Asker: 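Please read through the structure below; I'll follow up with questions.
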Amino acid sequence: MQQDDHGTGGSTRRRTRHGGRKRHKGPGLRPERELEAQVAEAEAEGTRTRPVERPGTEGAGRKVPRSREERSARASTTNDPDVYLDIPVVKVDEIELDVEDLAASVSLEADVLDLLRLKVGVDVELGHVGLTIKGVEAQALLKVQLDNVREIIARVLKTIDSNPQIIEHVVRGVGRSLEEVSEGTGEAVAGAGRGAGEAVAEAGQGAGRALEETAGAVGDVVGDFDEEDDG
Amino acid sequence: MRRRREDDVGEVDDVDDVYDVEIRASASAEELLFHEEPDVRTRARGTPERESLSVRERDGLPWRVRAGGVYRNVHVDYRLAAAVREPDPEPEPGQGDDGRGSGPPASG
């Protein structure tokens, strides 16, 4: 990995696209084990990191995080996210941190029958961090935007609409499953019906007894009040 | 399709592309003391395909900090984002392909 271990400042940007042209059964359908493979690919991709010195950032000027208002204003001028968790600026004079296995994760999943399975997420994990900070200002932001996923699903649905034969096998599979479920459900409903009947009868008896007891208790209380009033 | 610019460099907020999921964090400190080297892992994931972005800026802090090191006037910005992408359409059989393949697969 090409990294600068001595400089005190700079920036990196890494933009990657993962996933090759592989044959699969339907639009966007891919075995789930691909996920792990892509994660491993992502780790390997770390070699693309390229630190670059930015002029005038040698630690002389100290930045502060943008305020929530600034970030909100920025968000409203671009595409508004569907989920927006803004942890505002936190200011602490001094803090000692000893963190073990802290993770932040944002994930999005969407399925269309068995034809389309979309998953996307980002994770940040701190295995172990021990540090002391003075004069801290920090903030964090989590965002989820559904437009892209919505467009992909819309395209898939449009394709299905134009080519309904695509889901014939899915519907057949669902039909078989429903038959099996309905057979099992019939037995379960019959059993549940018998059980429910017995339960209702018992509940009715119990409720009747409870009402009798309650009425008796109310009568006693009212009787007490009557007696006090009389006194 | 979203353009790929793997080597361009800028500030975290310069990147206006919209991603499906995103984590951003920034922190400033007058003084920072690492008791030990931090163990930090980040990853982006997605299927069927994904495009991801990782941008980090740091002032007053080396790329690899050392245990016991004291750093002053530190500022760090970090952005990690990912978006799901559809696979490139496969060529129809017989269209521009003689069925024997057209070359090695694209490398990641």
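Every chain is numbered from 1 and lettered A, B, ... according to where its sequence line falls, protein lines coming before strand lines. Since the structure is predicted, the reported quantities are computational estimates derived from the model, not experimental observations.
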Asker: Verify the distance criterion only: is there a donor paired with an acceptor across the side chains of R45(B) and S105(A) at less than 3.5 Å?
Answerer: yes
Asker: Between L142(A), I87(A), V129(A), which has the largest tally of heavy atom pairs under 4.5 Å with chain B?
Answerer: L142(A)
Asker: Counting heavy atoms not belonging to D93(A), are there more than 12 under 6.0 Å from its CG?
Answerer: no
Asker: Look at E125(A) together with R41(B) and state whether they make a salt bridge at an N to O cut-off of under 4.0 Å.
Answerer: yes
Asker: Return the minimal non-hydrogen interatomic distance between N148(A) and A83(B), and the atom names on each side.
Answerer: ND2-CB, 4.3 Å
Asker: Chain B: which of V90(A), I133(A), D123(A) shares the most heavy-atom pairs with it under 4.5 Å?
Answerer: D123(A)
Asker: If you round to the nearest 0.5 Å, how far is OG1 of T47(B) from CG of L118(A)?
Answerer: 7.0 Å
Asker: Taking all atoms of both residues into account, what is the closest heavy-atom pair of V21(B) and G121(A), and its distance?
Answerer: CG2-CA, 3.7 Å
Asker: What's the spacing between L131(A) CG and E31(B) CD if we round to 0.5 Å?
Answerer: 12.0 Å
Asker: Determine yes or no for a side-chain-to-main-chain donor-acceptor pair under 3.5 angstrom, with D20(B) supplying the side chain and L108(A) the backbone.
Answerer: no
Asker: Select, from V65(B), V40(B), V70(B), V76(B), the one with the greatest count of heavy-atom pairs under 4.5 Å involving chain A.
Answerer: V40(B)
Asker: Among E22(B), E36(B), E37(B), which residue forms the greatest number of heavy-atom pairs with chain A at distances under 4.5 Å?
Answerer: E22(B)
Asker: Side chains of D147(A) and V18(B), heavy atoms from C-beta outward: is any pair under 4.5 Å?
Answerer: no
Asker: Could you check if a side-chain atom of R155(A) sits within less than 4.5 angstrom of a side-chain atom of E86(B), using non-hydrogen atoms only?
Answerer: yes
Asker: Enter the distance from R79(B):CZ to L141(A):CG here, rounded to the nearest 0.5 Å.
Answerer: 9.5 Å
Asker: Any chance you could measure K134(A), atom NZ, to L33(B), atom CG, to the nearest 0.5 Å?
Answerer: 8.5 Å
Asker: Return the minimal non-hydrogen interatomic distance between I23(B) and A104(A), and the atom names on each side.
Answerer: CD1-O, 3.7 Å
Asker: Do you know which two heavy atoms are closest between A81(B) and V122(A), and how far apart they sit?
Answerer: C-CG1, 3.8 Å
Asker: From T132(A) OG1 over to L32(B) CG, what is the distance, rounded to the nearest 0.5 angstrom?
Answerer: 8.5 Å
Asker: Which atoms of E96(A) come close to chain B, meaning under 4.5 Å heavy atom to heavy atom: side chain ones, backbone ones, both, or neither?
Answerer: side chain
Asker: Please classify the contact between A67(B) and chain A as side chain, backbone, both or neither, with a heavy-atom cut-off of under 4.5 Å.
Answerer: neither
Asker: Return the CD to OG distance between Q139(A) and S26(B), rounded to the nearest 0.5 Å.
Answerer: 4.5 Å
